[in-house]
Amino acid sequence: MHPAPSVIIFTTFSGLGFGLLFWLGLGVITPTGISAFIWFAIAYVFAVGGLLASTFHLGHPERALKAFSQWKTSWLSREGIASVVTLIVLAIYGAGLVFASTPFVVLGWIGALGAIATVFTTSMIYTQLKTVPRWHQPTTPLLFLLLSLGGGALLAGQVTLCVVLLIAAAAVQLFAWYTGDKRFAQSGTDMQTATGLGDIGTVRAFEPPHTGTNYLMREFIYVVGRKHARKLQAIALLLGFIIPIILLLIPFSHIFAALAVLSHIAGVLTLRWLFFAQAEHVVGLYYGKR
Amino acid sequence: MTQLPPPSAKKLGLVIDLDTCVGCHACVISCKGWNTENYGAPLSDQDPYGADPSGTFLNRVHSFEVQPEAAPAQLIHFPKSCLHCEDAPCVTVCPTGASYKRAEDGIVLVNESDCIGCGLCAWACPYGARELDADAGVMKKCTLCVDRIYNENLPEEDREPACVRTCPAGARHFGDLGDDNSDVSKLVAERGGFDLMPELGTKPVNKYLPPRPKDVTTPCAPLETVAQDGKGFAAWLDRALSALPGGAS
């Protein structure tokens, strides 16, 4: 799959933003006044900035409001609704902390639940696709949730929570990479089922439909991305998990904490890039490529 | 609405004969011609006369080589367009309701004025039947020429999809696959029509007819040598000329 920067930025930053909002809503930290304003501003910049980035890949962003209508079937529609509801609920909760120094506890919990729901709906947009076997497995939502909660805990300065969640996320990520490499073969979709010609003999793509490229090939076939996959996986593990955990476990300093956040973001961006670049869509079979 | 309607009795679709298709791409061109001039946004091309042309097509013809174990390889031309699936994953993923399946005849369409161009329906389609038009920013797909098949302004013989109407080999058939007695249903039953990627559960309406078994061929006798060494004057000339600098190898 083509690793579009808008979608990588969107999933990374909105994941972190909603992760931080989850811990804020849950009341793990309850800042008040100007300090609460800064905490919520950081969370909203990440969450809303990510959501806005996602509209950049739309052909008609001006029609985005229509996307709230099909929640009955569409995970993308559900994500839109969950994100807006969560942002509104937690804005009221945040306003209570900033202006009245009062946590509206129940509202915070509803918002926290909404933040989790938003990240889950985002992950289901990818998980639901049978056409991309690497994504179509339970590790996808689990990983999105653990990364969001772990990154959120990191932003919220919750060392123990963060370390535990990041270790769990790293473990799930390793497992997802391990199983992901076999998913396409296990899916049962191959040249034979794609063409139905397997009864005659071995099928191979002989001539593509056109001499040039096309939308499908640009969007779904990204072979070059896998060349350095192993190295990038190591880099993502190092930046996303190992360095932040080490920086958190050594005696606290604000500089180390900031470095831990930056390193984690760089790591998540790398593994999100791999999430797309390594994913193979079944339509590639018709082109003899994946 | 992107909820799928209950299965319709009428299931309009195509039956494509892989035995008959000669790979001429006439269906590709007539499809592009009709659909760029009629319903919806035109099918745009980018850099059409330049070094790196690309464009939107609703129908593309692939060619596959199939190598049997003990027989010569076969070249099979493979036209592919929307299969108007009964359980169309492209419809349910749409966040705006732009993508829909008609309750009356099962045709899958896009309401272009509601499409935000997110591309998710193309991701959900295993067959590559949907292409986001780079110029219009909306999703394009085969309409089964919905603006031809019911069009009473056209002569009756033209009321079928442009690809079917134009196919010089008669490799494409249009009809109601929900009716067991229709010509297309009989053809599918007779020739063993099959689904593409049945394991994905999309239940395509369009069917493909397999190539008929080839006649049994005996292996070719070794080719006889046609060019022989010359004799007499020709042989002397050959040797003499070969001996000259720059002569034959």
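Quick caveat, the model's predicted, so the values are computed rather than measured. Chain letters run A, B, ... following the sequence lines, proteins first and then strands; every chain starts at 1. FYI, side chains are in, hydrogens and waters are out, and symmetry mates aren't considered; it's all heavy atoms of this structure.
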What part of [X] gets closer than 4.5 Å to chain B, counting heavy atoms only: side chain, backbone, both or neither?
X	value
A/Gln192	neither
A/Glu219	side chain
A/Met1	side chain
A/Leu216	side chain
A/Phe56	neither
A/Ala205	both
A/Leu129	side chain
A/Arg78	neither
A/Phe220	side chain

Taking the side chain as every heavy atom from C-beta outward, state whether [X] and [Y] have any pair of such atoms under 4.5 Å apart.
X	Y	result
A/His210	B/Phe57	yes
A/Leu76	B/Cys118	yes
B/Pro211	A/Ile200	yes
B/Phe64	A/Arg204	no
A/Leu197	B/Ile76	yes

Look at [options] and state which one has the largest set of heavy-atom pairs under 4.5 Å with chain B.
options	value
A/His281, A/Glu62, A/Arg218	A/His281
A/Gly212, A/Gly196, A/Gly288	A/Gly196
A/His57, A/Lys66, A/Glu79	A/Lys66
A/Gly201, A/Pro209, A/Ser77, A/Gly59	A/Pro209

Examine whether an atom of [X] lies under 4.5 Å from a heavy atom of chain A, and if so say whether it belongs to the side chain, the backbone or both; otherwise answer neither.
X	result
B/Cys94	backbone
B/Leu132	both
B/Val61	backbone
B/Tyr208	neither
B/Gln74	side chain
B/Glu131	both
B/Ala136	backbone
B/Pro126	both

Exercise. Nearest heavy-atom pair of B/Ile116 and A/Ala67: which atoms, and what distance?
Worked result: CD1-CB, 4.2 Å
Problem set entry | Minimum heavy-atom distance A/Ser69-B/Pro95, with the two atoms named | OG-O, 3.7 Å
Exercise. Ring centres of A/Phe206 and B/His62 under 6.0 Å apart?
Worked result: no
[X] and [Y]: side-chain donor and acceptor closer than 3.5 Å?
X	Y	result
B/Ser113	A/Arg63	no
B/Gln67	A/Thr202	no
A/Gln70	B/Thr96	no

Problem set entry | Main-chain N/O of B/Met197 paired to A/Thr193 side chain as donor or acceptor, under 3.5 Å | no
More than 12 heavy atoms of other residues, nucleotides or ligands under 6.0 Å from [atom1] of [X]: yes or no?
X	atom1	answer
B/Glu104	CD	yes
A/Trp273	CH2	yes
A/Phe175	CZ	no

For this session: Quick one: do A/Ile125 and B/Leu120 satisfy side-chain contact (heavy atoms from CB on, under 4.5 Å)? Show the steps, please.
Result: CA-CA 8 Å; A/Ile125 294 171; B/Leu120 191 55; 3.8 Å; yes
For chain A, find which of [options] contributes the most heavy-atom pairs closer than 4.5 angstrom.
options	value
B/Cys125, B/Pro213, B/Ala73	B/Cys125
B/Pro53, B/Ala122, B/Pro79	B/Ala122
B/Val66, B/Thr202, B/Leu18	B/Val66

Value rounded to 0.5 Å, distance of [atom1] in [X] from [atom2] in [Y]:
X	Y	atom1	atom2	result
B/Glu112	A/His60	CD	NE2	8.5 Å
A/Tyr215	B/Lys140	OH	NZ	14.0 Å
A/His136	B/Leu200	NE2	CG	9.0 Å
A/Glu207	B/Leu75	CD	CG	6.5 Å

For this session: Go through A/Thr195 and B/Phe78 one step at a time and tell me if the side-chain contact (heavy atoms from CB on, under 4.5 Å) criterion holds.
Result: CA-CA 8 Å; A/Thr195 61; B/Phe78 199 97; 4.1 Å; yes
Exercise. Yes or no on side-chain contact (heavy atoms from CB on, under 4.5 Å) for B/Arg60 and A/Tyr287, after CA distance, side-chain angles and deciding distance?
Worked result: CA-CA 11 Å; B/Arg60 293 180 184 266; A/Tyr287 291 87; 3.8 Å; yes
For this session: Fit a plane to each ring of B/Trp123 and A/Phe276, take the angle between them on a 0 to 90° scale, and name the class: parallel (under 30°), tilted (30 to 60°) or perpendicular (over 60°).
Result: perpendicular
